[in-house]
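Chain A is the first sequence line, chain B the second, and so forth, proteins listed ahead of strands; every chain is numbered from 1.
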Amino acid sequence: MTENTQPPASGPHAAPADLPTQYTPADVEGKLYERWVERGYFTADAESAKDPYTIVIPPPNVTGSLHLGHAFEHTLIDALTRRKRMQGYETLWQPGMDHAGIATQNVVERELAKEGKSRHDLGREAFVERVWQWKAESGGQISGQMRRLGDGVDWSRERFTMDEGLSRAVQTIFKRLFDDDLIYRAERIINWCPRCLTAISDIEVEYQDDEGELVSIRYGEGDDSLVVATTRAETMLGDTAVAVHPEDERYAHLVGRTVRLPLTDREIPVVADEHVDPGFGTGAVKVTPAHDPNDFEIGRRHGLPQLTVMDERGNITVHGPFQGLDRFEARSAVVAALRAEGRIVAEKRPYTHAVGHCSRCKTTVEPRLSMQWWVKVDPLARAAGDAVRDGRVAIHPKEMSSRYFEWVDNLHDWCISRQLWWGHRIPVWYGPDGEVVCVGPDEEPPAGEGWHQDTDVLDTWFSSGLWPFSTLGWPERTESVEKFYPNSVLVTGYDILFFWVARMMMFGLYAMDGTPPFHTIALHGMVRDQFGKKMSKSFGNAVNPLDWMDAYGSDAVRFTLARGANPGVDVPIGEDWVQASRNFANKVWNATRFALLNGATVEGPLPSPEELSATDRWILSRLNSVVAETDAYYDDYQFAKLSDALFHFAWDEVFDWYVELSKTTFAAGGRPAELSRRVLGEVLDVTLRLLHPVIPFVTEELWTTLTGGESVVVADWPADSGFRDAEAEREIEAVQRLVTEVRRFRADQGLQPGQRVPATLDLTGTGLAAHEEAMRALLRLQAAGDGFTATATLPVGGATVALDLSGAIDVAAERKRLTKDLAAAEKELAGTNAKLGNEAFLAKAPDQVVDKIRARRATAEEDIARITAQLARLPQTLAGPVGGAS
RNA sequence: GGGUGCAUAGCUCAGUGGUAGAGCGCCGCCCUUACAAGGCGGAUGUCGGCGGUUCGAACCCGUCUGCACCCACCA
């Protein structure tokens with residue numbers, strides 16, 4: 001007998017008895033992963049004749065480590081690619097990382113700050129060198145986590161968005177866009193982060209409701225005054241006009257004249273502009289062209305001066321009492337000064353309004369007039385929208401398409417320059433006489449006195465937008481580009497639909513002659529805690545996936561994540577659920593252990609159905625159904641459904657019913673046992689292969705042991721043989737119903753599960769005679785007795801199976817239960833009768849439905865007859881209870 | 001301000017017109033020789049409220065309430 005103390009099995013064809021009774025993930029995971037990598041299973045060959053299947057990793061930030069959300073995403077991608085690999089595709093699961101410009105720079109700057117230094121102390125070159133150093137130190141963390149998770153990526157192709165090849169891609173696309181007039185430089189209002197000291201794009205701004213103070217200020221004097229309202233009083237220092245609506249009669253007399261701007265000696269014009277809503281507030285708006293995007297536009301329309309009153313850190317620069325104050329200090333100071341002058345007409349506090357914050361550091365964004373580089377997105381975004389509209393790219397789940405369209409159809413030009421040091425430097429050189437030259441990747445930058453390169457770098461998403469092809473070697477026409485572009489599917493979270501997905505669409509279509517970067521966008525949700533709350537470090541509910549992998553194994557973590565993955569929907573996950581998955585992995589382990597102990601085999605051809613028992617035919621029929629079902633779910637990215645289907649098939653049908661029913665066969669030996677051993681081997685072989693993409697480790701360990709095969713990683717994906725046996729399925733369902741019914745009866749009677757009960761089992765006419773031995777074993781029935789007979793009507797040939805459980809009857813309990821069942825059956829009969837008596841129903845309901853109702857009525861009638869008969873017999877069998885009944 | 005989605009068992013969620021489901025949790029009995037990380041049995045829901053369509057509604061329509069998320073230049 002095997003004891004828990006046995007060492008774990010290793011390698012193919014381990015003696016079955018060597019398998020310990022519990023699965024220990026740590027014993028196999030690392031070993032197996034290294035074996036897979038060494039054997040090159042994950043290496044994608046661009047010269048292969050096989051059809052390609054490609055998924056690129058959504059590149060994690062090089063600064064970070066993987067959180068549960070990554071583990072989730074990787075599980076899905078890994079499952080998809082593992083299945084395709086088994087299906088015979090040349091599969092590329094492309095790994096890599098993103099340089100994450102602003103995020104990484106911030107991290108390294110924080111490191112420097114600990115040493116009391118700023119990046120300026122190092123200078124640009126040394127700072128960038130320092131970031132590379134940081135990357136070298138922390139980048140390995142992510143790949144380590146990916147290995148633990150089992151990600152079947154092609155490590156030989158690992159890329160980083162700052163790699164030389166990828167820099168060439170960036171320069172190439174920049175040059176093309178520049179030459180096509182799709183990149184331009186312009187001075188505009190941009191979102192400026194006064195802490196990061198860089199421009200950020202619209203989507204890097206997060207709006208939150210902040211409490212502010214809305215003050216109303218009187219500009220001008222007497223009859224010629226008007227009142228404007230603002231939450232940013234300090235910007236009034238930069239006002240260069242007041243705007244009113246052209247048809248607003250209240251202010252008609254002022255348009256074209258000027259009013260004096262309080263706290264200054266400036267007179268500013270009153271202009272009429274359609275943008276102003278006369279119904280809002282006083283209908284008069286202060287105009288600060290250099291510090292507000294709307295005002296900027298108004299200023300442009302009216303030729304107003306743009307007066308910048310703040311520096312890059314948000315400090316007031318205009319001479320006077322406010323000079324040097326930061327914007328928030330200035331705000332109070334300005335209000336105080338205005339109040340002193342009697343200019344404050346009204347205050348509303350608190351006043352809640354949406355305020356933009358830097359998505360990286362949460363600092364309040366300051367709109368700022370600034371010279372930046374822009375991508376003219378109009379033609380690109382239209383193409384990106386059309387590719388989805390005309391079906392060349394499918395978004396899954398399709399409800400998410402509306403979000404995508406909402407964005408690509410209303411896109412503003414994209415500000416791509418960042419005042420950072422870490423990133424792809426803008427490949428533009430400026431000459432001494434104002435020349436502007438965009439330098440392509442193979443071109444020499446202009447040399448000579450007075451030439452210098454633009455100091456800005458590109459938005460991170462500029463390079464990650466090229467990821468589906470830059471990783472393959474583009475702009476060279478490499479074999480990999482030919483083979484693996486377009487990618488097959490993009491698997492990513494809905495949260496970066498705009499940041500990343502839309503950019504890849506725009507760049508892919510533009511760079512690759514109208515070929516979209518992927519055929520399908522499969523969007524998943526966000527991982528949440530067990531109560532559906534967002535995971536965050538500050539809230540304290542964030543989980544390090546490594547902790548759970550250590551405790552329960554990678555398979556358990558993966559299975560839990562896959563099981564929660566309904567398309568586009570957030571995934572709650574708790575430790576309890578990981579335990580449940582661990583239990584499942586252990587169950588798979590033990591079921592295989594049972595099979596090996598009983599000589600299950602995959603040798604030789606599968607016996608033909610004519611030779612097989614109904615039990616064997618049933619499980620093979622079910623197996624093939626599940627293969628088909630799994631395929632359908634995979635093709636629809638229904639990870640939760642496929643995991644659940646496999647879970648229930650494996651545990652309930654194979655590991656419980658089939659294994660239990662087989663025990664009798666194995667015990668009896670002979671030809672039937674031989675056949676069943678082959679069937680059990682087949683069922684486990686296929687089930688392990690079906691499970692492998694989701695739980696790769698335990699399935700590999702077991703499959704190689706069971707089959708002696710090289711590796712399930714490169715085994716064939718199961719195919720539906722088409723074998724179905726409805727008759728056998730009905731027969732086994734009947735057995736299950738009977739067994740369940742009698743078990744329930746036993747439990748109700750207080751009989752202990754292990755207690756052998758004298759009983760007769762009359763299966764005459766049921767067609768279930770072949771299962772008598774198995775049922776006796778499952779039901780712990782002994783030789784015949786006499787006395788009370790409990791019966792259950794089976795849907796097989798309408799015959800009755802009679803069970804004799806003499807001496808084991810608690811009459812009161814049984815009467816109570818039978819009475820309850822009778823009431824239920826009578827209710828069912830009444831319900832079905834009502835329905836079948838309803839002419840409208842009969843006229844309109846489909847035949848299938850009517851037949852179903854008829855069948856239900858028939859069953860109810862049979863139940864009533866049976867229960868009535870049982871109740872009638874009950875009082876005569878007043879034998880005392882035996883075994884635990886009270 | 002606009003948009004989208006969600007409200008189903010104690011918790012987290014499946015279920016797109018025909019007898020209400022899963023996992024976890026809960027109750028009871030069992031170490032039945034693959035597995036106690038297990039086995040068997042059981043309880044639990046006016047499917048958010050109100051109307052409507054339909055022979056029939058968790059599901060379709062309207063409406064109300066409560067959440068969530070996304071987008072947005074009303075000072």
Side-chain angles (χ1 to χ4, degrees), chain A residues 1-2 16 19 21-23 189 202-203 207 214 228-232 235 243 275-277 279-282 284-288 292-297 353-354 367 399-400 402-403 406-407 410 494-495 497-498 526 528-532 552 556 560 563-564 566 568-574 576-577 579-598 640-641 644 647-648 655-656 659-660 663 739-740 743-748 750-756 777-778 780 828 831-832 835 838-846 848-850 852-853 856 884:
Chain A
M1 273 291 74
T2 305
L19 282 186
T21 58
Q22 280 193 0
Y23 170 52
I189 293 277
D202 290 346
I203 51 175
Y207 287 89
L214 184 69
V228 299
T230 183
T231 53
R232 295 194 299 149
T235 63
H275 168 79
V276 179
D277 176 3
F280 186 90
T282 61
V285 182
K286 61 190 279 300
V287 181
T288 323
D292 183 277
N294 290 319
D295 296 4
F296 177 78
E297 293 300 326
H353 59 139
E399 299 86 86
M400 287 285 173
S402 57
R403 278 198 196 192
E406 188 189 326
W407 197 73
N410 301 292
Y494 60 70
D495 57 330
L497 188 62
F498 307 138
M526 303 293 112
R528 290 167 176 272
D529 75 8
Q530 59 197 312
F531 304 111
Y552 306 109
T560 307
R563 215 172 168 201
N566 288 300
V569 178
D570 289 348
V571 189
I573 180 169
D576 285 356
W577 309 346
Q579 279 174 19
S581 298
R582 182 270 315 265
N583 294 353
F584 177 60
N586 192 56
K587 187 72 180 176
V588 174
W589 177 270
N590 272 297
T592 308
R593 186 165 174 269
F594 166 84
L596 293 169
L597 288 168
N598 284 281
K641 298 218 165 59
D644 206 55
F647 175 87
H648 282 111
F655 304 158
D656 279 347
V659 161
E660 292 303 328
K663 282 178 179 173
V739 169
T740 301
R743 279 173 173 167
R744 198 221 77 258
F745 176 78
R746 287 184 53 121
D748 285 354
L751 295 174
Q752 300 209 329
Q755 185 183 343
R756 301 271 162 186
L778 290 178
R780 316 267 154 210
E828 174 76 1
T832 50
K835 211 143 210 199
N838 182 334
E839 307 227 350
F841 168 72
L842 292 174
K844 300 202 177 183
Q848 259 185 319
V849 174
V850 177
K852 251 175 134 175
I853 306 283
R856 277 169 50 197

Select base, sugar-phosphate, or nothing to describe what A:N586 touches, counting heavy atoms under 4.0 Å on all strands.
base

Base, sugar-phosphate alone, or nothing: which one does A:P846 contact when heavy atoms must sit under 4.0 Å apart?
base

Could you tell me whether A:E839 contacts a base, only the sugar-phosphate backbone, or nothing, with contacts defined as non-hydrogen atoms closer than 4.0 Å?
nothing

On a whole-Å scale, what distance lies between the C1' atoms belonging to B:rC13 and B:rC27?
23 Å

Measure from the side-chain heavy atoms of A:F531 and tell me the nearest of B:rG18, B:rA34, B:rC11.
B:rC11

Is B:rA37 paired to anything, Watson-Crick or G-U wobble with both distances less than 3.5 Å, and if yes, which nucleotide?
none

Over all strands shown, is A:H648 touching base, sugar-phosphate only, or nothing at heavy-atom distances under 4.0 angstrom?
sugar-phosphate

Scan A:R232 against the nucleic acid and name what it touches under 4.0 Å (heavy atoms): base, sugar-phosphate only, or nothing.
nothing

Integer angstrom distance from the P of B:rG56 to that of B:rU19
16 Å

Could you check which nucleotide pairs with B:rA68 in any of the strands shown, counting Watson-Crick or G-U wobble with both distances under 3.5 Å?
B:rU4

Any donor-acceptor N/O pair under 3.5 Å between B:rA37 base and A:Q579 side chain:
no

Under 4.0 angstrom, heavy atoms only, what part of the nucleic acid is A:N566 near: base, sugar-phosphate, or nothing?
sugar-phosphate

In whole Å, what separates the P atom of B:rU54 from that of B:rG49?
22 Å

Select base, sugar-phosphate, or nothing to describe what A:F498 touches, counting heavy atoms under 4.0 Å on all strands.
sugar-phosphate

Cationic N near anionic O, under 4.0 Å, A:R403 to A:E406:
no

With heavy atoms under 4.0 Å as the rule, sort A:A354 into base, sugar-phosphate or nothing.
base

With rounding to the nearest 0.5 Å, note down the distance linking CH2 in A:W577 to CD in A:Q530.
6.5 Å

Go through B:rC24, B:rG18, B:rA37 for me and flag the one nearest to the A:V849 side chain.
B:rG18

Should A:I853 and A:Q848 count as side-chain neighbours, where that means a heavy-atom distance under 4.5 Å?
no

Spell out, as yes or no, whether a donor-acceptor pair under 3.5 Å connects the side chain of A:N838 to the backbone of A:F841.
yes

Side-chain H-bond candidate by donor/acceptor type, A:D570 with A:Y494, under 3.5 Å:
yes

Could you tell me whether A:D292 and A:R232 make a salt bridge, using a distance below 4.0 angstrom between a side-chain N and a carboxylate O?
yes

Applying a 4.0 Å non-hydrogen cut-off, can you work out what A:E828 is touching in the nucleic acid: base, sugar-phosphate, or nothing?
base

With rounding to whole Å, what would you report as the distance between B:rG66 and B:rA72 at their P atoms?
27 Å

Residue A:F655, side-chain atoms from C-beta onward, closest of B:rA34, B:rC24, B:rG18:
B:rA34

Determine the Euclidean distance between corresponding C1' atoms of B:rC47 and B:rA22; express it in Å to zero decimal places.
15 Å

Rounding to an integer number of angstrom, what distance separates B:rA37 and B:rU4 when you compare their C1' atoms?
42 Å

Is any side-chain nitrogen or oxygen of A:K835 closer than 4.0 Å to OP1 or OP2 of B:rU19?
no

Between B:rG39 and B:rU33 - C1' atom distance, rounded Å
13 Å

So, under a plain 3.5 Å distance rule, would you say the side chain of A:N294 forms a donor-acceptor pair with the base of B:rC73?
yes

Sugar-phosphate only, base, or nothing, as touched by A:V569 at under 4.0 Å among non-hydrogen atoms
sugar-phosphate

Within the 4.0 Å heavy-atom criterion, would you say A:D576 contacts the bases, only the backbone, or no part of the nucleic acid?
sugar-phosphate

For A:R403, report the nucleic acid contact type (base, sugar-phosphate, nothing); a contact means any heavy atom under 4.0 Å.
sugar-phosphate

Could you tell me the Watson-Crick or G-U partner of B:rU46, where both distances fall under 3.5 Å? Say none if there is no partner.
none

With under 30° as parallel and over 60° as perpendicular, where do the rings of A:F647 and A:F584 fit, or are they tilted in between?
tilted

Sticking with atom C1', work out how far B:rG28 lies from B:rU16, rounded to a whole angstrom.
39 Å

What does A:T740 touch in the nucleic acid at a heavy-atom separation under 4.0 angstrom: a base, only the sugar-phosphate, or nothing?
sugar-phosphate

Here's a test of your reading of the structure: between A:D656 and A:D529, which maps to the more 5' nucleotide of RNA chain B?
A:D529

